[in-house]
Q: 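There's a structure below that I have some questions on.
Note that this is a predicted model, so its numbers are computed, not measured. In what follows, chains carry the letters A, B, and so on, assigned in the order in which the sequence lines appear, proteins first and then strands, with residues in each chain numbered from 1.
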Number of protein chains: 2
Amino acid sequence: MSEFGDRVRGPLAPSAGAQRPLSVDDVDIEGGPLGRWQRINRDASIPLGLDRMERSGAVPNLRLAAGEGSGSFRGYRFQDSDLYKQLEAVAWEHCRQPGDAYRAFIDESAALLSRAQRPDGYLNSHYQTVKPDKIFAELEYSHEMYCAGHLFQAAVAAARAGCGDALLAVARRFADLLVNRFLTGGDDGIDGHAEVETALVELYRLTQERSYLELARKLVDNRGKGLIADSGMGPLYAQDHLPVREADTAVGHAVRQLYLEAGIVDLYLETGDESLLECSVGRWEDMVATKTSITGGHGSRHDGEAFGERYELPPDRSYNESCAAIASIHWNWRLLLATGQGRYADLIERTLYNAFAASTSADGTRFFYVNPLQRRADLFEDAYLGRRREWFACACCPPNIMRLVSSLGHYVATTDAEGLSVHQYVPGIIRAGGVTLAVETDYPWDGRVRFTVRSAPGTEWTLKLRVPAWSASGELIPNADGYAEIRRAWKPGDTYVLDLDMSPRLTLPHRRIDALRGCAAIERGPLVYCFEQADQDADIEDLALTPGTRLRAVERDLPGIGRTVQIEADAVRLPAAPPHGLPYATAPTDLPAGTPATATAVPYHQWDNRDGGVMRVWIPLA
Amino acid sequence: MSEFGDRVRGPLAPSAGAQRPLSVDDVDIEGGPLGRWQRINRDASIPLGLDRMERSGAVPNLRLAAGEGSGSFRGYRFQDSDLYKQLEAVAWEHCRQPGDAYRAFIDESAALLSRAQRPDGYLNSHYQTVKPDKIFAELEYSHEMYCAGHLFQAAVAAARAGCGDALLAVARRFADLLVNRFLTGGDDGIDGHAEVETALVELYRLTQERSYLELARKLVDNRGKGLIADSGMGPLYAQDHLPVREADTAVGHAVRQLYLEAGIVDLYLETGDESLLECSVGRWEDMVATKTSITGGHGSRHDGEAFGERYELPPDRSYNESCAAIASIHWNWRLLLATGQGRYADLIERTLYNAFAASTSADGTRFFYVNPLQRRADLFEDAYLGRRREWFACACCPPNIMRLVSSLGHYVATTDAEGLSVHQYVPGIIRAGGVTLAVETDYPWDGRVRFTVRSAPGTEWTLKLRVPAWSASGELIPNADGYAEIRRAWKPGDTYVLDLDMSPRLTLPHRRIDALRGCAAIERGPLVYCFEQADQDADIEDLALTPGTRLRAVERDLPGIGRTVQIEADAVRLPAAPPHGLPYATAPTDLPAGTPATATAVPYHQWDNRDGGVMRVWIPLA
């Protein structure tokens, strides 16, 4: 789509900001966990997803809308969005490693969508086939604009991947309808589920059609004014309780808040309205300090899939929806591009390697919807959400996971006037401007990252390397944004070696987090660890870490998991405490010191790949 | 209803069991908290409830069903049950202190119900007016038998109160329809919400119509065989995952499980089937040890209003529905009558004075639906459930509370072949057989209870007094069931003084309860205490009890609360810990010892009668 001056073949192509992103195919990820995720995503997850597009009703529903199929609508009213996310995943995959099957899927889907689309541009198989009289009449829960947003993102991806003319035409017809109705037509409706805002801004970036940006601006500006009817969940659920510039904390349905924030920062990037950046950063700081799991997950309540209150961070009932991790990465990526601050890349890394990575099984065929930090022995109350599943009735997560994995190359590095910034450490090749940089590393298992310049323009430029907040930086003094700066007239063959501190760490919670009092967690590099019953000699519920515990990293190859680094910790095995009478006693139960034991931890993102037993990230301190 | 040989004018009149209950009006409660609750229930709560019967749609809905009203159905499909519970409350109130207005309400309601009832006996205003084609076709969520159960209980209450002929006729017509369809008619349907089972047994006790008992038996025996269609909440939600004799732990929707248990023990009492008592006691022991809040509350999850898993007992997100406290008291009362064991009366007392009593404001005009053990500073995520409200869209709790308060006299004492057992200590008069016993006490503020025999048959009999598990019994040696036995040929004027230990107690949680680790609670007598911000000099979140804290009981009269005994505890005030960055740190934050302070607690059941600020039952130990 070079006629629009849009050169970045990736999810985000802002016209301003402190950092400029690279294309999905500017970075070849050649190994490491991210390389492994991309491989299983291509080999296992995407084929599974494509199969589900038929079986789940997503594609058949659209045939019904096109007047072609038989039967009746299946699934949720937002079922179309599954296909759109799947299309976006395939588009980035095609961008990364072109394939005829990918192009065919995009072309066939675009043709079907074009046939299903009404002449006026409207497109939603649920409302067209089930509730035509309710089109745009129940926006508080209809997800019509939410689905439109995912359509726009899919169309942008396909266009940037070079195979999206037909899909883009469908998207623009729908976008124009939205503009005619909700921007210039006098309808002040707002979708209960934010998503279309960030998508409209991106569609504007691709097409330079300014009305898309203006509609996004109107939707953001009007949120919080009570224009969304009550869906039965109250105004907080949909972030309609306060205007975005007044709300000081993330509330309600976590995925909605996080997509909304992405849209807010997108608007800032295109309009320069500082009040938008300011309010979003304010909520980010509050959220990070009081509403974020150690894994980077968000959403402390199953009820309403909601953020919960400050310091309400239960390990067992944390929701931490996979989609929330993805939406958080979207938001943080926009903040990083806007400000150049490494704290956003830090949170992307924490989220990526933990809350997000845990969402998918080691073989790429099963997915978590929720990502708690503890699984009790008897998880039967939540069998549906208890273990990873191949698919879900509400399948928002799997294709969302796939579209992020396919586009991971986009999130590794950026450029600015001074040079190249590397935010995530993956082995492979980074191409940016006239620079080609080879990265060799066994990160995150090892902390050494070796950069070799393969080609360079010859002039002086700066290589900026993120120094994660968890790493004692040693001789490196990061700048105020958290990056080590190495400025040189780099020549081909020049190398630089970054050493990050991979010592295992014992991490304690803030004293205000009631649900974690008296516990510790283990981290190493960017990885949060957890204790699974499968690795313990004793009942996990009888183990407690000794306060001065020594932590030992041990590389292993585990069945079901593959390569990993486990951490062994000095622990005590407490006498079993079988249930008897009320579990409250005036005097402390006699607490014998316990016998020496070892507690063994594995990276959290590798959990639930074995027997499905007990797991805990936070473990008591003796 | 003496023609049926039914002499107990109370909610429960079993034909067998270790203990025999008294009538509601056999006990005059003359003061103390229970006397106060009965007074405000009569003066404030019941008038408010009667007003709501019109405003909420409950009565108008039935007019619609009778073909008399205009408009359309309002509220939930179980809206009729609000009226039935209200009727039961009024009936017990009429039994206790007859009133023409009560009789008129019962008569008028019975007449309306009779007009609304279909000729075949069916009665449910929602299904009659909104979904007549779905009658008995969606039992998994219809609540039709649930509503019928509450109708039966109301009719039994009115009959025993001496004003129930018309209501009983309505109830019997519906019960006969249920028998014809679900017992002898070949329909194996079961209501997703247990309730009708215990009600059918009671209707059998009143009428001696054996088919009611047989239907209850069939419904209990068939539960857990997958005969309930999935309501979308899964089989555990409705206790349909396992037959009742196989399930070893309470699961799913707490109120459903607890009403089901009441029906199971009722069936045991009438059939002698020991397998029923055995399975119910097994679940009771498991529930008490692993799924019970210190307040006696049940249900750890908002999501599904569910029990949650073993040791999943969060203070902030505990659900502890007021109806669950009532249902638990029903179940425990049946177990107490069946076995004579004081542990069930202990749990009734704990539940009554804490989880249940907290449900109602000091003035009787506002009610809690959920009863958590902690309220955070910003409770806006749950404004609907955050503070007591006058009424609820789903108003199951308020009239349920009223029916229990009106019948409290029934739960104070019982008789057996040896004499009289007193389970709950309230000032007033107990009449049982030829015995009249006066009780003088300032319980639970004071531990002394003085019994004076006013009249007695002259023969030797035993006064059994429950020694609560929390009281160091001193010179009294309770029997294996937990009762002190005093056997004499009691003469008028004889007295006995029981002294219970009212020393404040520091209570610690079982180490398996992750959500309470490192915290303590305060109890005194049967009362669980809590800390409200209103009573502290410092931010409650900065207070921690010193491990060897001295606890001082101080009698006070507090605005909004009235008479109380507060407990002052030695504490430390920790330096404030404002949010900054991720709330997880490798090294412990420097923890200065804090400055000496006092933390002041009030009885939990008196909370939220002032400013609605922060509250916590469990407070950190320094």
Q: Give, for atom CG of Asp316(A) and atom OH of Tyr311(B), the distance between the pair rounded to the nearest 0.5 Å.
A: 14.5 Å
Q: For the atom pair OH (Tyr584(B)) and OG1 (Thr295(A)), what is the distance rounded to the nearest 0.5 Å?
A: 7.5 Å
Q: Does some side-chain heavy atom of Arg350(B) sit less than 4.5 Å from a side-chain heavy atom of Leu582(A)?
A: yes
Q: Are any of the side-chain heavy atoms of Pro620(A) and Arg517(B) separated by less than 4.5 Å?
A: yes
Q: Answer with side chain, backbone, both or neither: which region of Asp346(A) has an atom nearer than 4.5 Å to a non-hydrogen atom of chain B?
A: neither
Q: With a 4.5 Å cut-off on heavy-atom pairs, point out which of Ala393(A), Gly518(A), Cys519(A), Gly581(A) contacts chain B the most.
A: Gly581(A)
Q: Considering residues, nucleotides and ligands other than Arg512(B), do more than 12 of their heavy atoms fall under 6.0 Å from its CZ?
A: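 Atom CZ in Arg512(B) is packed in, count exceeds 12.
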Q: Sort out for me which of Met287(A), Glu523(A), Glu312(A), Arg343(A) touches chain B most, counting heavy-atom pairs under 4.5 Å.
A: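 Ranked by contacts with chain B, first place is Glu312(A).
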Q: Under a 4.5 Å heavy-atom cut-off, does chain A meet the side chain of Ile513(B), its backbone, both or neither?
A: side chain
Q: Can you tell me how far apart CZ (Arg301(A)) and CZ (Arg301(B)) are? Round to the nearest 0.5 Å.
A: 15.0 Å
Q: Could you tell me which portion of Asp286(B) (side chain, backbone, both or neither) has an atom closer than 4.5 angstrom to a non-hydrogen atom of chain A?
A: neither
Q: Can you check whether Arg317(B) reaches Arg317(A) side chain to side chain, under 4.5 Å on heavy atoms?
A: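 They are not in contact (no side-chain heavy atoms under 4.5 Å apart), so the answer is no.
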Q: Tell me, side chain or backbone of Gln374(B) under 4.5 Å from chain A's heavy atoms, or both, or neither?
A: side chain
Q: Decide if atom CZ of Phe392(A) counts as having more than 12 heavy atoms of other residues, nucleotides or ligands within a radius under 6.0 Å.
A: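 For Phe392(A), atom CZ is crowded (more than 12 foreign heavy atoms under 6.0 Å).
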Q: Given a strict heavy-atom distance threshold of 4.5 Å, which part of Glu285(B) is in contact with chain A: side chain, backbone, both, or neither?
A: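 Looking at Glu285(B), nothing touches chain A.
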Q: Hey, does the side chain of Arg511(B) reach the backbone of Glu541(A) with a donor-acceptor pair shorter than 3.5 angstrom?
A: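 Present.
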Q: If you count heavy-atom pairs under 4.5 Å with chain A, which of His580(B), Arg616(B), His241(B) comes out on top?
A: Arg616(B)
Q: At a heavy-atom separation under 4.5 Å, does Asp514(B) approach chain A through its side chain, its backbone, both, or neither?
A: both
